[in-house]
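Reading through the structure tokens given below for one structure.
Numbers here are sequence positions counted from 1.
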Amino acid sequence: MELDKINPYVLKVMPSAMRKFDHDISADPKIIKLTLGEPNFNVPEHIKQAAIDAINNNESHYPYYWGYQPLREAASTYYQEKFGYHYTADQILVTVGATEAVASSIKALFKPGDAVIIPTPAYPLYNTLTTLNELNTILIDTSDDGFILTPEKVQQAIADHPDWDVKGLILTDPNNPTGVAYTEEQIAALAPVLKENGIWVISDEIYGELTYGQKHYSISNVLPDQTVVVNGLSKSHAMTGYRLGLVFGPSGFIDEIAKVHQYTVTAAASIVQFAAIEALTHGQDDSKPMLVEYEKRRDFVAKEMDEAGFDVVHPGGAFYVFAKIPENLHMNSWDFVNVLAKDYHIGLMPGDPFGDNGYVRISYAASDEALAAAMKAVKQLVVEHTEKTTE
């Protein structure tokens with residue numbers, strides 16, 4: 001059988017360019033990587049101990065596919081206190097990371113041919129999942145609005161596609177790659193146009209605990225009947241490898257997402273769920289020391305990149321700086337990161353996979369020493385390549 005006989009929507013999707021680039025440069029023993037969204041903090045000790053205790057207590061059997069009830073109850077309390085979520089335990093689903101949470105939500109909420117809005121720049125996962133699910137994708141460039149999606153642009157996108165049934169919006173707040181965090185007023189402004197047009201929002205709030213100078217405000221507070229919230233512990237508790245995600249949604253609809261989840265992965269790992277119960281019960285302040293360090297690193301990287309001639313998006317959350325490459329370098333994002341990796345042994349992420357080939361993304365979830373070395377190399381590259389272009 002020929003390869004072109006399999007699902008054509010799978011053939012349309014390419015392996016992650018981000019992951020491949022990160023893998024390729026990892027062969028360099030000198031490389032300093034600021035590529036992936038990987039906190040350089042360790043999982044807090046009390047959470048690790050809970051996982052060890054679960055192993056020693058032989059908690060190794062199949063969990064209920066929704067997730068353990070104590071975990072769902074802990075999530076209900078934790079996120080109500082953190083962000084004002086109004087979800088009971090029965091409206092919460094435990095998933096294998098936020099990625100599976102997004103994937104199961106898209107599969108459950110939309111049918112082939114529906115259209116989904118994705119504001120760009122955006123994490124590449126979303127566009128890949130809409131393609132796999134045979135959806136029409138409407139990409140909205142937010143760069144001229146401070147990387148904030150406006151209600152006017154939503155309305156214009158709907159008007160520009162009169163033959164498409166626009167059913168969804170995937171919103172990331174705080175955003176990856178820009179680090180932009182929406183204010184309560186900006187979120188509230190989006191609600192009327194979404195409600196009027198019956199648009200479901202999948203709100204990815206995985207970076208909600210990592211905000212600087214403002215409190216995270218969830219769109220579920222103003223559009224509860226049309227919002228599915230995705231969250232998890234990867235960023236707030238440095239538990240990326242534990243793969244623990246959560247979906248919060250209206251009764252009835254969350255049941256349908258749970259069916260997709262059940263028949264895709266069965267359930268999240270039992271040991272991980274016990275660690276998550278500990279994180280949500282006794283780890284309310286675990287992100288605070290990380291946040292203090294992230295804010296210092298953000299300010300350092302933003303200042304250094306600005307001094308190097310980059311136009312920097314000032315992050316209100318997450319742990320990324322999204323910086324526009326100086327025009328006098330005459331480089332796109334792939335040119336820049338490849339030269340930086342090959343000649344200076346520094347790994348940054350190109351902006352192209354996120355939707356803008358004129359930017360690079362710097363993850364400052366790294367040590368101070370790594371960030372200092374990276375900024376020195378970036379400045380050196382700019383000086384040396386500016387000289388070459390002017391000779």
**Report entry** NZ/K376: more than 12 non-hydrogen atoms of other groups inside 6.0 Å
**Finding:**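 Counting neighbours around NZ of K376, 12 or fewer heavy atoms of other residues, nucleotides or ligands fall under 6.0 Å, so no.
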Validation: residues 40-54 side-chain donor-acceptor distances under 3.5 Å, sequence neighbours left out:
residue, atom, partner, partner atom, Å
N40, OD1, R297, NH1, 2.9
E45, OE2, K48, NZ, 2.9
H46, ND1, E278, OE2, 2.7
H46, NE2, D286, OD1, 3.4
H46, NE2, D286, OD2, 2.9
Q49, NE2, D53, OD1, 2.9

For residues [X] and [Y], determine if any side-chain heavy atom of one lies less than 4.5 Å from a side-chain heavy atom of the other.
X	Y	answer
R361	T178	no
E256	L109	no
N197	V166	no
Y123	N175	no

Report task. Have a look at Q186 and tell me which of I219, D173, I148 forms a side-chain contact (heavy atoms from CB on, under 4.5 Å) with it. Result ->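 By the side-chain contact (heavy atoms from CB on, under 4.5 Å) criterion, Q186 pairs with just one of I219, D173, I148: I148.
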**Report entry** Of V260, L125, I170, the residue whose pairing with I106 passes side-chain contact (heavy atoms from CB on, under 4.5 Å)
**Finding:**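 Answer to the side-chain contact (heavy atoms from CB on, under 4.5 Å) test with I106 among V260, L125, I170: I170.
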Do [X] and [Y] belong to the same hydrophobic cluster, where Ile, Leu, Val, Met, Phe, Trp and Tyr are linked whenever their side-chain heavy atoms lie under 4.5 Å apart, directly or via other members?
X	Y	answer
L190	F83	no
V116	L149	no
Y207	I362	yes
V154	V228	no

Query - Distance flag, aromatic centroids of Y359 and F310, threshold under 6.0 Å - result: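 Between F310 and Y359, the centre distance exceeds or equals 6.0 Å.
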Query raised in the report: Do the two ring centres, one from W200 and one from F110, sit under 6.0 Å apart?
Result: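 Ring-ring flag for W200/F110: false, centres at least 6.0 Å apart.
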Query raised in the report: How far does CD1 of I277 sit from NE2 of H282, to the nearest 0.5 angstrom?
Result: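 The CD1 atom of I277 sits 11.0 Å away from the NE2 atom of H282.
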Query raised in the report: How close do L34 and A370 get, heavy atom to heavy atom, and via which atoms?
Result: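 So the minimum-distance heavy-atom pair works out to CD2-CB, 4.4 Å.
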**Report entry** K379 and E304: CA distance, side-chain angles, deciding distance, salt bridge (Lys or Arg N to Asp or Glu O under 4.0 Å) verdict
**Finding:** CA-CA 8 Å; K379 288 183 173 181; E304 293 290 303; 2.9 Å; yes
Requested in this report: Check whether the side chains of E38 and T240 place a donor and an acceptor atom closer than 3.5 Å, and report yes or no.
Outcome: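 Yes, a side-chain donor-acceptor pair sits under 3.5 Å.
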Report task. Taking atom types as modelled, find out whether T227 and S203 have a side-chain donor-acceptor pair closer than 3.5 angstrom. Result ->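 No - no donor-acceptor pair under 3.5 Å links their side chains.
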Query raised in the report: What class does the angle between the rings of Y79 and Y85 fall in, given that below 30° is parallel, 30 to 60° is tilted and above 60° is perpendicular?
Result: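 Parallel.
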Requested in this report: Could you tell me which residues satisfy ring pair (Phe, Tyr, Trp, His ring centres under 6.0 Å) with Y126, sequence neighbours excluded, listed by chain and number?
Outcome: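 Residues passing ring pair (Phe, Tyr, Trp, His ring centres under 6.0 Å) with Y126: none at all.
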Query raised in the report: Does the pair Q262 and Y64 meet the rule for a side-chain hydrogen bond (donor to acceptor under 3.5 Å, both in side chains), with working shown?
Result: CA-CA 9 Å; Q262 178 187 23; Y64 182 49; over 6 Å; no
Report task. Take V301 and M375 through the side chain to side chain contact (heavy atoms under 4.5 Å, CB included) test and state the conclusion after the steps. Result -> CA-CA 7 Å; V301 172; M375 295 302 98; 4.1 Å; yes
Requested in this report: Could you list all the salt bridge (Lys or Arg N to Asp or Glu O under 4.0 Å) pairs where at least one residue sits in residues 127-146, not counting sequence neighbours?
Outcome: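 Residue pairs with at least one partner in residues 127-146: D144-K153, D145-K153.
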Query raised in the report: Is there a side-chain hydrogen bond (donor to acceptor under 3.5 Å, both in side chains) between E100 and H261 once you walk through the steps?
Result: CA-CA 8 Å; E100 193 250 310; H261 158 78; 3.1 Å; yes
**Report entry** Option passing side chain to side chain donor-acceptor pair (under 3.5 Å) with S333 (candidates N357, D352, D356)
**Finding:**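 For S333, the side chain to side chain donor-acceptor pair (under 3.5 Å) test succeeds with only one of N357, D352, D356, which is N357.
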